Amino acid sequence: MPIVMQDIIEFMDDLTKEFLVEAQEHLEHIEGDLVLLEKNPSDPEVIARIFRSVHTIKGASGFLGFKKLQALTHSGESLLSRLRDGKMSVSQGIISTLLELSDTLQKAIKIIEESGKDSALDHTPLVLKMNRILQGTSPEQGKDVKKVETAQNREKEAEAKPQKNEVAEKSAQTEVLSKKEIAPPVQEASKTEQTAAQVNDTTAGQEAQKQENQEGSQSESVLQHISNGSAAESHVRIDVKLLDKLMNLVGELVLVRNQVLQTISRYEDVLLENASQRLDLVTTELQEEVTRTRLQPIRNAWNRVPRIVRDLSLEAGKEVQLILEGQDTELDRAIIEAIRDPMIHIVRNSVDHGIELPHERKAAGKSPAGTLKLKAYHEGGQVTIEVSDDGRGIDIAKIKKKGIEKGFITAEQANRMSDREFYQLLFLPGFSTAEKVTNVSGRGVGMDVVKTNVEKLGGSVDIESFKGKGTIIKLKIPLTLAIIPALLVKSGNEHYAIPQVNLVELVRVEPSNKQNLVHEVKGSWVYRLRGKLLPLVFLSRVFGLSDNFNGDRVLNIVVLHAGSKQFGLVVDQINDTFEIVVKPLSKHLKRIPVYAGATILGDGTVALILDVIGLAQYAHLADSYHKEGINIGMNKTGVDGRENGEVKQLLISSIGNQYFAVDLSAIGRLERFSNNQIEYVGNRQVVQYRGGILDLVSVSSALGYNHNGNSDDLINVVVYEYENRPIGLVVGAIHDIVHQKVSLDKSVARPGCFGRCIVQGKVTELIDPKAIIEVGGINN
Amino acid sequence: MAENKQYCTFGISGYTFGAAADSVQEIVTNNTITPVPLAPPDISGLLNVRGQIVTAINLRRRLGITNSDSKTGVHILVRGGDSTVSLFADLVEDVMDINSADVEPVPDTVDPSIKAFVDGVYKTNDKLILLLNVNKAVMTE
């Protein structure tokens, strides 16, 4: 069949597409190698690698008619060959120029992608710059380090050295734009700490000879696909779309398998059962393997980091040593994409704010070069990524100051916050402790976005820091996205799926215990989980359905964690855990914050997947009085909003008709005991509590309230830490927990009381737990 | 040039609508809808069609015809934008050819909430067929 013009054009287009993909890969490695070269200027392998990559791009660009690209790479190649032959030494200026070349080549690739030609590229200044260097008239050649060895020596070395890097195979004469193994879907057996791609190419020695007659053989090189050696044969290149499709199909298979298994249970046929078991095993294995094809080593997310660290440290005048550990740790492709930017931001923070200037470090007795370490490893079904530096650490005092200045917290709160809580402040939008905002790290918009993005993936971010010593930032991310284990629950008539990654525990409250452990406080409910207050969210109420929780029914609570907060989700029924396939919701429903997607259950019905973080926010848990978290909603105005009192979190209680309030920030726990737990020692009341003895002090007696004694069987006790031991203050009926600004009328302060204030329209005494304990005669 | 175009006609609360046949994928009956609490009121819920999760739009609500949430009906699966969506209607009637020359502008007697989604009308002997703009019908707010 005669070759038609159309065919040729299509063929050329395909070649161009392939060229762009391969050039992109080359460029990624070039960048990393240039940074490496700067550190190891005498390593001939690195130069050879860079040279080959640039040379390859040059050849192909010439063949495909990209003149500007060709000119650019030609200059670069000349420069590199001088370096390689030892006629010029590696210097910082030259590396910077070569990095500029790499950047410009990237731009060129993009331009070609968009317009099909490279004519829009402005390459002249760079070409001139490089030519000046070649002629020796440029200031960029500066002092530098060591000479590069000659071609001969290099070849000997290459053979003698046990390769740290890939083996460069001795191959046939021509140089090829070879089919390279793709790092993504399939993993190679031998992996290294350096770049992953293997380029099958001629050795450096042969190159030196061939350089002159390259022009002639260029046209053949692009078209030849010679695969040499075993490495090339064991790897294939696959379009990512195909992989995604495979993943989808496997997802469907998982669902059908679930359906089959469910239906099979109704029949009693041995053969059928055997077949379905086999189906189950095969499907599970298939799922695992296909999931693995989506895995990529995390080095793909880190490939820009060396260059960025180099540029940043130069700009800031700092010395930074970068260590990358665990680069082979595998993550789902989608996660790699999603964490690229957060990683870069964290790295920037470290170099910019964490690591000190060399003279500062010396003064502190540290080595002048700071260490920045990125470490990734698998642990418990998750991938943990640690970014640590040995810089100045995070100054808590500064955070405190900033927090108060910006109104995120009050001075009162600040005095009671733990270090961990201070670090959490850094994740708030608008918070930045940078003294001067560098254009690199931005204006504090970073960490909150990092946190959001990581949490979107179902992960978490944590900061640990030691003043003067350094900071560690830990990212934890679950391994796969599309097929996840989930707990099925029922509310109303429908099933809902909760991702297991958010699950903490399941609690079943018998009707008889409900009274004891579940408190309603003006419309908000809490559950006392081992002494701590867990806010409850009723799923049926979130959905606007009715429920009946006052009946004699068991209460089913699913304890979940959303970021750093915990809450209990009350549902009608708790079913099993299943592996479900997450299917996205259409745009009509995507915006609803409480759903993360939908799935099809074994019986064919659709179940919505709950987004735990969205659910928590929707149910206003940010405003709740959960003691573990920081109450960021403090800036809301309360009853006495206009007055300048301090915002407090108060437990409102009453004895008889006297109302009093206790500042909750001073309190450890709220407990409830029944009257018959009270024992008497001398004339003191005590209860057994957590393996020890809790002294009880009656607030009403201490304050002289008239009181007829507790007619209820139950007493409410607020546990207060007094001189390292817990003391229980017996409060009366609990009415509410509020947070509001408190305007204290101190004129009537008396022992045991800070003063009076108005809470919810009633005159309330704010009690002083410490004083009450003393008044109550503990010290007698 | 006037041309014949095929339309699928279906009824909702006494009105008859027509949707261009080339945008209709299939008709599904007897499928349980899973309600989506907190969704906008004109979303009936989610549907499982051979493993694909389809959003069902309550056409009655969207067109403001009636506020009743009848659970029986048919799902007309249409291709809207880049996803498949189902229009939940009472019953399906017919497939008919309509010549574009015979299509008239929507009369003012038609409710404005319906008019917003209808491109034109076609009169037959016994009824008025409102020609639905499928893309508008499946759009999100």
Side-chain angles (χ1 to χ4, degrees), chain A residues 248-260 488 490-497 538-547 571 580-611 614-615 617-619, chain B residues 23 25-26 28-63 67 69 71-73 75-89 116-117 133-141:
Chain A
N248 279 342
L249 287 173
V250 168
E252 296 301 322
L253 186 59
V254 165
L255 290 177
V256 171
R257 183 252 344 237
N258 291 349
Q259 260 184 306
V260 166
L488 221 53
K490 199 165 177 196
S491 185
N493 275 326
E494 303 293 331
H495 283 109
Y496 299 92
F538 289 81
L539 193 55
S540 48
R541 289 183 197 171
V542 168
F543 290 157
L545 306 170
S546 63
D547 57 59
V571 298
I580 58 168
V581 178
V582 178
K583 289 186 180 259
L585 291 171
S586 67
K587 41 184 157 51
H588 307 86
L589 301 168
K590 248 194 174 99
R591 278 185 259 122
I592 307 178
V594 304
Y595 301 124
T599 185
I600 298 184
L601 301 177
D603 62 358
T605 55
V606 176
L608 287 154
I609 304 172
L610 300 181
D611 177 338
L615 190 56
Q617 286 170 348
Y618 187 83
Chain B
S23 56
Q25 249 178 230
E26 62 185 281
V28 171
T29 54
N30 279 344
N31 241 320
T32 31
I33 301 184
T34 301
V36 179
L38 304 179
D42 49 0
I43 304 284
S44 293
L46 297 173
L47 200 57
N48 170 9
V49 179
R50 287 190 305 282
Q52 199 190 5
I53 297 186
V54 173
T55 309
I57 296 185
N58 187 335
L59 210 48
R60 280 180 220 111
R61 280 259 170 113
R62 206 161 247 209
L63 299 174
N67 277 327
D69 271 317
K71 286 284 188 303
T72 54
H75 293 279
I76 303 171
L77 297 186
V78 295
R79 193 91 199 136
D82 56 349
S83 59
T84 305
V85 158
S86 123
L87 300 175
F88 194 40
F117 294 96
N133 181 327
V134 173
N135 281 333
K136 277 207 193 130
V138 304
M139 222 169 52
T140 47
E141 260 97 68

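In what follows, chains are A, B, ... by sequence order, proteins preceding strands, each numbered from 1. Just the heavy atoms: all of them, side chains too, but no hydrogens, waters or symmetry mates, feed the values below. Model, not experiment: these values are computed from the prediction.
- Annotation: the span from B:L46 atom CG to A:T605 atom OG1 amounts to 11.0 Å, rounded to 0.5 Å.
- For chain B, the nearby parts of A:V542 are the backbone and the side chain; heavy atoms of each come within less than 4.5 Å.
- What you find for A:A598 and B:I53 is that their closest heavy atoms are CB-CD1, 3.6 Å.
- For chain A, the option among B:I43, B:I57, B:V36, B:L47 with the highest count of heavy-atom pairs below 4.5 Å is B:V36.
- When all heavy atoms of A:V606 and B:T34 are compared, the pair lying nearest together is O-OG1, 3.0 Å.
- Closest of all the heavy-atom pairs between B:N48 and A:G604 is ND2-O, 2.8 Å.
- Between A:I592 and B:A39, the shortest heavy-atom contact is CD1-CA, 3.5 Å.
- For B:P37 against A:Y496, the heavy-atom pair with the smallest separation is CG-OH, 3.5 Å.
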